[in-house]
Structure formats: C-alpha cells, structure tokens
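Please read the structure below before turning to the comments.
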Amino acid sequence: NGVTVDPEYVIPLAPNGETCGYLNEVAPTLEADSEFCPQIQAAEPVCCPPIEVIEDNTPATGPAKPCNFCSNEVSSSNALLEVPGADGATCSDLTVYAATIESESDSCEEVKEAEPLCCPPSVDSPCNFC
C-alpha cells in the first residue's frame with residue numbers, strides 16, 4: 001500500500017533517525033522472517049496510516065496535534081517494557097501509536113496513563129549504581 005505520510009518524516013525512537021521513506025525502500029530487500037522485518041513493521045502505524053480523504057481530496061498527513069507521549073522520548077532501558085493492560089504493547093509501541101492519534105482524544109489520555117512506567121521523570125542527582 002505504501003507510505004501515506006511525508007517520506008521524510010523521522011520515525012519517533014528510530015535509533016539512527018530513519019525516515020518512513022527509508023524504511024519503505026529497505027523493507028522489500030528483507031526476508032519476512034528476518035529479525036529486522038518486525039522492527040520495520042512496528043513503524044507502520046506512523047508511516048502508513050489509512051488515507052483519509054479530506055474535502056479537497058488530498059490525503060491527510062496524520063493528526064494536526066499528535067498525542068505527546070513521553071515527549072517522544074522513551075529511554076532505551078524502558079522501550080521494551082510491556083505495559084500492563086495494553087495487550088502486550090511495549091513503551092516503544094505506545095510512542096509510535098501516540099504519534100497517530102490526536103492529543104485531545106480519549107485514546108491519548110489512555111496512552112498517557114503509561115507515562116510513569118515508560119518515561120519516569122529525570123532526577124537532578126541520580127543514584128549511582130555499580
């Protein structure tokens with residue numbers, strides 16, 4: 001079906017600043033059972049949302065005000081944490097999903113309930129360990 005947003009859109013949490021266009025080019029070169037395929041497919045909600053045709057018949061590019069989950073920054077140590085009650089979704093999954101929904105929606109409020117787990121506040125003087 002292809003990318004339905006700006007191909008230059010940088011994917012939230014992409015480790016190297018990958019864009020939707022880049023993933024669209026790379027995906028066909030990978031085997032479906034490769035370790036990287038599911039990682040690329042995780043960006044589909046951001047890069048390939050359903051096209052919504054608006055009054056002038058131009059495709060929508062996503063929410064006008066996307067849901068700001070963890071300020072789009074989930075630490076690498078929390079990215080793979082499964083969020084209780086989220087059907088197996090991880091903190092990283094919620095960040096990608098949040099970018100596809102409006103900030104004023106009920107869905108955004110539900111997603112934000114996971115912020116204490118996924119993006120705990122930074123501290124001024126962190127505890128040193130090891």
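Atoms considered below: every heavy atom in the structure, side chains included; atoms not considered: hydrogens, waters and symmetry mates.
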Rounded to the nearest 0.5 angstrom, the CD-CD distance for Glu18 and Gln39 is 10.0 Å
The reported gap from CD1 in Ile101 to SG in Cys108 (rounded to nearest 0.5 angstrom) is 5.0 Å
Chi angles and distances behind the side chain to side chain contact (heavy atoms under 4.5 Å, CB included) call for Glu102, Cys67: CA-CA 5 Å; Glu102 289 288 342; Cys67 182; over 6 Å; no
Note, Pro7 side chain near Tyr22 side chain (heavy atom, < 4.5 Å):
no
Q) Hey, does the side chain of Lys112 reach the backbone of Asn68 with a donor-acceptor pair shorter than 3.5 angstrom? A) yes
In terms of heavy-atom contacts, Ala98 and Phe69 come closest through CB-CB, 3.5 Å
Closest non-hydrogen atoms of Ala43 and Leu23, given as atom of the first, atom of the second and distance, are CB-CD1, 3.7 Å
Nearest heavy-atom contact between Ser34 and Pro38 is O-CD, 3.3 Å
Tightest non-hydrogen contact, residues Gly88 and Asp93, listed as O-OD2, 4.3 Å
Check the pair Ile40, Leu30 against side chain to side chain contact (heavy atoms under 4.5 Å, CB included), reporting the backbone distance first and the verdict last. CA-CA 10 Å; Ile40 288 176; Leu30 300 172; 3.3 Å; yes
Thiol sulfurs of Cys118 and Cys70 closer than 2.5 Å: no
Minimal heavy-atom distance between Val26 and Thr29, with the atoms involved, is O-OG1, 2.6 Å
Tightest non-hydrogen contact, residues Leu117 and Pro84, listed as CD2-CD, 3.8 Å
Got more than 12 heavy atoms from elsewhere within 6.0 Å of OH, Tyr9?
yes
Check: Any chance the SG atoms on Cys47 and Cys20 come in under 2.5 Å?
Finding: yes
(request) Would you sort out whether Val83 and Thr90 count as a side chain to side chain contact (heavy atoms under 4.5 Å, CB included), showing the intermediate values? (result) CA-CA 6 Å; Val83 178; Thr90 65; 5.9 Å; no
